[in-house]
Number of protein chains: 2
Amino acid sequence: MALAASETVVHPPASAPPLTGLTPLEAEAVDLFVGLAQVVGLPKSIGQIYGLLYISATPLSLDDIADRLDISKGSASQGLKFLRTTGAVRLCDEHGSRCDHYEAETGLRALATGFLKEQIEPHLESGEDRLARLKRLAANAPAAERTHVVQRVKQLESWHRRAAGLLPLLIRFLGK
Amino acid sequence: MALAASETVVHPPASAPPLTGLTPLEAEAVDLFVGLAQVVGLPKSIGQIYGLLYISATPLSLDDIADRLDISKGSASQGLKFLRTTGAVRLCDEHGSRCDHYEAETGLRALATGFLKEQIEPHLESGEDRLARLKRLAANAPAAERTHVVQRVKQLESWHRRAAGLLPLLIRFLGK
DNA sequence: ATCATTGTTCAAAAATTATTGAACTACGCC
DNA sequence: GGCGTAGTTCAATAATTTTTGAACAATGAT
């Protein structure tokens with residue numbers, strides 16, 4: 001603060017992809033994916049990274065990403081790890097450079113599959129144990145409530161079946 | 001404080017629905033819905049409340065809920081408000097009592113519809129504006145990248161259409 | 001009209017989750 | 001070997017979200 005009176009704002013070069021900061025187009029794309037990330041419960045940084053890679057015409061390195069988005073290398077590394085294991089991002093065979101470069105996987109089916117496999121399926125599986133335990137407890141409930149709770153647990157089982165059946169259907173619908 | 005020396009701990013009655021604390025069955029049901037809430041990005045208290053109402057054989061009042069789950073009235077009020085506006089919970093016409101009682105809506109279709117309408121649809125709508133802005137920016141991009149970014153934005157539009165088409169399909173699949 | 005009961009709101013506190021940055025490993029090059 | 005670049009990990013910090021609880025409005029009973 002307390003700028004010298006004569007100080008002037010330095011304007012960035014008018015054209016050419018900046019090494020730091022985002023073009024308006026990139027910023028808009030990043031924003032869109034940040035919003036999407038929020039919707040599916042993922043951290044903002046992951047949305048930023050994927051968004052930048054999605055719109056970028058060329059593969060980007062970890063450092064490119066951290067610099068352009070102004071996030072730490074740590075965040076970039078963690079975010080890319082997640083995106084890699086989830087299949088949303090690919091390491092592309094870099095001809096010239098010494099470091100790894102990434103590009104976005106843009107097939108909706110691949111993205112959805114990765115996300116569902118990683119984030120939803122585990123819950124469906126652990127749900128089975130839960131349901132089994134619930135079923136046992138319901139069977140032992142006091143007589144007055146037994147029919148009611150048994151019915152509810154049956155309904156939960158039906159939900160579970162339907163959810164499990166939904167996953168492959170979803171993937172098919174989004175497919176190729 | 002400062003209890004008399006001879007005071008003894010009062011054990012809760014061995015049976016009958018406790019006015020405070022949860023039965024093992026209730027605890028298990030609550031847990032299950034807490035997990036579900038996490039999955040869809042809702043606060044724990046909302047999962048707790050819905051879980052308790054789901055398994056309960058009788059409608060419960062706000063105070064019942066706060067007491068049994070050991071959460072504040074504030075949380076219970078906010079949670080119930082959300083569940084009401086989302087259609088996951090119903091005020092049921094209480095014959096005798098002076099206060100409102102709630103019961104869980106258990107139709108999967110109604111639940112899914114409420115959730116999708118409330119949590120997903122708004123994003124799909126704002127997405128349209130976003131896409132329009134992106135499209136304009138892409139059209140003005142430097143020639144070298146233009147075809148690439150225009151293609152990407154087209155792909156985003158196709159994602160958007162598919163997502164929008166998915167919603168009614170989903171509801172139908174879960175229906176009745 | 002006063003008091004008790006029910007429920008809401010919202011600022012402050014607590015809990016949770018994401019991000020940072022420094023320490024560290026691994027690798028290639030000189 | 002020693003040095004520089006890439007990348008990962010993780011404890012500490014920051015940001016965000018949730019929960020609390022006290023103040024308040026509304027309604028009904030006496």
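Just the heavy atoms: all of them, side chains too, but no hydrogens, waters or symmetry mates, feed the values below. Per chain, numbering begins at 1; letters A, B, ... match sequence-line order.
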Does a nitrogen or oxygen in the side chain of B:K81 sit under 4.0 Å from OP1 or OP2 of C:dT9?
yes
Atom-pair distance (NE2 on A:H101; C1' on D:dA6), nearest Å:
11 Å
For A:R84 and D:dT8, what is the distance between atoms CZ and C1' respectively, to the nearest whole Å?
10 Å
Kindly work out whether a path of hydrophobic side-chain contacts (I/L/V/M/F/W/Y, heavy atoms less than 4.5 Å apart) joins A:L169 to A:L116.
yes
In whole angstrom, give the distance that lies between atom CZ of A:R98 and atom C1' of D:dC3.
12 Å
Which residue pairs satisfy the salt bridge (charged side-chain N to carboxylate O under 4.0 Å, His left out) criterion with at least one member in residues 149-158 of chain A, sequence neighbours excluded?
A:K135-A:E157
In whole angstroms, how far is the P atom of C:dA15 from the CD atom of B:Q38?
16 Å
Would you say A:D70 has more than 12 foreign heavy atoms packed within less than 6.0 Å of its CG?
no
Going by side chain to side chain contact (heavy atoms under 4.5 Å, CB included), name the residues that satisfy it together with B:H160, two or more places apart in sequence or in a different chain.
B:L124, B:E128, B:L131
Distance-only, no hydrogens or angles: does the A:T86 side chain make a donor-acceptor pair with backbone N or O of A:A88 under 3.5 Å?
no
Between P of D:dT9 and CG of A:L62, the distance in whole Å:
12 Å
Listed pairs under 3.5 Å, donor-acceptor, residues 28-46 of chain B side chains, sequence neighbours left out:
| from | atom 1 | to | atom 2 | distance (Å) |
| --- | --- | --- | --- | --- |
| B:E28 | OE1 | A:R133 | NH1 | 3.4 |
| B:E28 | OE2 | A:R133 | NH1 | 3.1 |

Check nucleotides 2-4 of chain C against the protein and report each pair of N or O atoms closer than 3.5 Å, with its distance, or say if there are none.
none

By the ring pair (Phe, Tyr, Trp, His ring centres under 6.0 Å) test, which pairs, at least two apart or in different chains, include something from residues 139-159 of chain A?
A:W159-B:Y54
From CG of B:L42 across to C1' of D:dT16 the rounded distance in Å is 16 Å
Checking B:D64 against B:S61: is there a side-chain donor and acceptor pair closer than 3.5 Å?
yes
Find the distance A:D63:CG to C:dG21:C1' and express it as a whole number of Å.
14 Å
Crowded around B:N140 CG? As in, over 12 foreign heavy atoms under 6.0 Å?
yes
What does the list of N/O pairs under 3.5 Å between the protein and nucleotides 19-22 of chain D look like, with a distance for each?
| from | atom 1 | to | atom 2 | distance (Å) |
| --- | --- | --- | --- | --- |
| D:dT19 | OP1 | B:S45 | N | 3.2 |
| D:dT19 | OP2 | B:S45 | OG | 2.6 |
| D:dT20 | OP2 | B:S72 | N | 3.0 |
| D:dT20 | OP2 | B:S72 | OG | 3.2 |
| D:dT20 | OP2 | B:S75 | OG | 3.1 |

For the pair made of CG in B:L80 and C1' in C:dT6, what is the distance, rounded to whole Å?
13 Å
